[in-house]
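Please read these numbers as outputs of a predicted model, since none were measured by experiment.
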Amino acid sequence: MFRWLDPYAKPETLYHLCGRWLPYLMTLAIATLLLGNIWGLAFSPPDYQQGDSYRIIYIHVPSAIWSMGAYSSMAIAAFIGLVWQIRVAQWAVLAIAPIGAVYTAIALITGAAWGKPMWGTWWVWDARLTSELVLLFLYLGVIALSGAFSEAARGIKVASLLAIVGVVNLPIIHYSVEWWNTLHQGATITKFAKPSIDPSMLWPLLISLLGLALLLAALTCLRLRSQILIFEQHRPWVRQLVEQQHEEQS
């Protein structure tokens, strides 16, 4: 069914593929993040109710969205790794988890910074905020479990199980503002029929959203290459790669 993916399941092939993608992804990520954030923070008009404090959405909204996107990707990799026993998919779980944790932390911190002037407090046990905090704990749990066993393969399997089980939290985060009476405002960029944000504010937000997605992909490639080298360090191709690098430096 997935025979076309077989070449990419080979660690050496995936290592070099990520190496080719990395500079392009990182360059595009930096360019789009600079464009989106400079446009949004410096040139988009102030909100008629929130004034300039709304500008934090150019960091908060993309980080919150991709904190869930990263978790979805991690859970898919965990499922593939457990069901089809593909090692690089299991290593992808380890690569994505710290990145997703950072994205989630950024979402929580920027949300608190926005909540202080808007709600008068840094934190409330709001359904959206609480479920996002649970997401951070899930990431940290995956990271902790992956290194909690003397046998690395067993740790990865247990961490992958937690990643899959934790998917149930994603719809709770997304629909919490609709299911419960919550202080957190509703969606702004998913209401395509009746947009609730002006295009002059929407476009830099979309660009920032793309930039953080590209950064997620770039960092995943970078960390996945590191994970491949760690787990394949005894392989001849890794030793040959190290020797080539030493020759280039000398």
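R128 contributes a side-chain N or O that, together with a main-chain N or O of H174, makes up a donor-acceptor pair within less than 3.5 Å. Counting only distance, with no hydrogens or angles, the side chain of Q244 and the backbone of L241 share no donor-acceptor pair below 3.5 Å. Looking only at distances, a side-chain donor or acceptor of S73 sits under 3.5 Å from a matching main-chain atom of G69.
Expressed to the nearest 0.5 Å, how far CD1 of I96 lies from CG of L216 amounts to 7.0 Å. Atoms CD1 and CD, on I156 and Q227 in that order, are 7.5 Å from each other to the nearest 0.5 Å. The OG atom of S63 sits 14.5 Å away from the OH atom of Y58 when rounded to the nearest 0.5 Å. In this structure, CD1 on I173 lies 10.5 Å from OG1 on T130, to the nearest 0.5 angstrom. One finds the CG atom of L41 at 7.5 Å from the OG atom of S208 (value rounded to the nearest 0.5 Å). Between the CG atom in L212 and the CD1 atom in I106 there is a gap of 7.0 Å [rounded to 0.5 Å].
Closest approach of P62 to L209, counting heavy atoms only: CA-CD1, 3.7 Å. Across all their heavy atoms, A113 and P117 have their closest contact at O-CD, 3.0 Å. For the pair A163 and M74, the tightest heavy-atom approach, listed with the atom from each and the gap, is CB-CE, 3.9 Å. The two atoms that bring G111 and H60 nearest to each other are N-ND1, 3.4 Å, heavy atoms only. Here the closest heavy-atom approach between residue E132 and residue S67 is recorded as OE2-OG, 2.8 Å. Residues L224 and C18 come closest through the heavy atom pair CD2-SG, 4.1 Å.
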(request) Begin with the C-alpha distance, continue with both residues' side-chain angles, and end with the deciding distance and a verdict on side-chain contact (heavy atoms from CB on, under 4.5 Å) for V102 and L219. (result) CA-CA 12 Å; V102 171; L219 293 176; over 6 Å; no

(request) List the steps, then state whether side-chain contact (heavy atoms from CB on, under 4.5 Å) holds for L135 with L170. (result) CA-CA 8 Å; L135 183 66; L170 298 183; 4.0 Å; yes

(request) Check the pair Y175, S131 against side-chain hydrogen bond (donor to acceptor under 3.5 Å, both in side chains), reporting the backbone distance first and the verdict last. (result) CA-CA 10 Å; Y175 293 108; S131 53; over 6 Å; no

(request) Check step by step if side-chain contact (heavy atoms from CB on, under 4.5 Å) holds for Q90 and Q85. (result) CA-CA 8 Å; Q90 296 174 348; Q85 295 296 306; 4.2 Å; yes

(message) Before you tell me yes or no, could you show the steps for W114 and I59 under side-chain contact (heavy atoms from CB on, under 4.5 Å), namely the whole-Å CA-CA distance, both residues' side-chain angles and the distance that decides it to 0.1 Å?
(response) CA-CA 11 Å; W114 178 85; I59 300 173; over 6 Å; no

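Evaluation of the salt bridge (Lys or Arg N to Asp or Glu O under 4.0 Å) test over residues 146-158, restricted to residues two or more places apart or in two chains, returns none. Listed by first then second residue, pairs satisfying salt bridge (Lys or Arg N to Asp or Glu O under 4.0 Å) with a partner in residues 93-118 number zero, not counting sequence neighbours. Applying the salt bridge (Lys or Arg N to Asp or Glu O under 4.0 Å) test to every pair with at least one member in residues 199-220, sequence neighbours left out, gives no pairs at all. Applying the salt bridge (Lys or Arg N to Asp or Glu O under 4.0 Å) rule to pairs touching residues 221-233 yields R87-E232, E232-R235, sequence neighbours excluded.
Criterion: ILVMFWY side-chain heavy atoms under 4.5 Å apart, direct or through other members. Under it, I86 and L82 are part of a common hydrophobic cluster. Linking ILVMFWY residues whenever their side-chain heavy atoms come closer than 4.5 Å, directly or via other members, leaves L108 and Y139 in distinct clusters. I80 is connected to I164 through a chain of hydrophobic side-chain contacts under 4.5 Å among Ile, Leu, Val, Met, Phe, Trp and Tyr, so both are in one cluster. L140 is not connected to V134 by any chain of hydrophobic side-chain contacts under 4.5 Å among Ile, Leu, Val, Met, Phe, Trp and Tyr, and they are in different clusters. Linking ILVMFWY side-chain heavy atoms closer than 4.5 Å, directly or via other members, places V61 and F43 in a single hydrophobic cluster.
Not counting sequence neighbours, the partners of L162 by the side-chain contact (heavy atoms from CB on, under 4.5 Å) test are L138, V142, L145. In this structure W203 satisfies the ring-ring contact (aromatic ring centres under 6.0 Å, His included) test with no other residue, sequence neighbours excluded. Taking W21 as the reference, L17, L25, C221 meet the side-chain contact (heavy atoms from CB on, under 4.5 Å) condition, with sequence neighbours excluded. H234 meets the side-chain contact (heavy atoms from CB on, under 4.5 Å) test with R239; sequence neighbours excluded. Here T121 pairs with W119, V124 under the side-chain contact (heavy atoms from CB on, under 4.5 Å) rule; sequence neighbours left out.
When hydrophobic side chains of Ile, Leu, Val, Met, Phe, Trp and Tyr are connected at separations under 4.5 Å, V165 ends up as a singleton with no cluster partners. As a member of the Ile/Leu/Val/Met/Phe/Trp/Tyr network built from side-chain separations under 4.5 Å, W122 groups with nothing else and remains a singleton. Other residues sharing a hydrophobic cluster with I109 under the 4.5 Å side-chain heavy-atom criterion for ILVMFWY residues do not exist; the residue is a singleton.
In this structure, W91 and P11 have side chains that are in contact, with non-hydrogen atoms separated by less than 4.5 Å. A 4.5 Å side-chain heavy-atom check between I99 and W66 finds every atom pair outside the cut-off. Contact of the L214 side chain with the M26 side chain is not registered, since no non-hydrogen atoms from C-beta on lie closer than 4.5 Å. Residues I197 and Y54 fail the side-chain proximity criterion, which asks for heavy atoms closer than 4.5 Å.
Heavy-atom neighbours of F149 CZ from other residues, nucleotides or ligands within 6.0 Å: above the threshold of 12.
Each of I76, V167, T104 was evaluated against Y71; a single residue qualifies, V167, per the side-chain contact (heavy atoms from CB on, under 4.5 Å) test.
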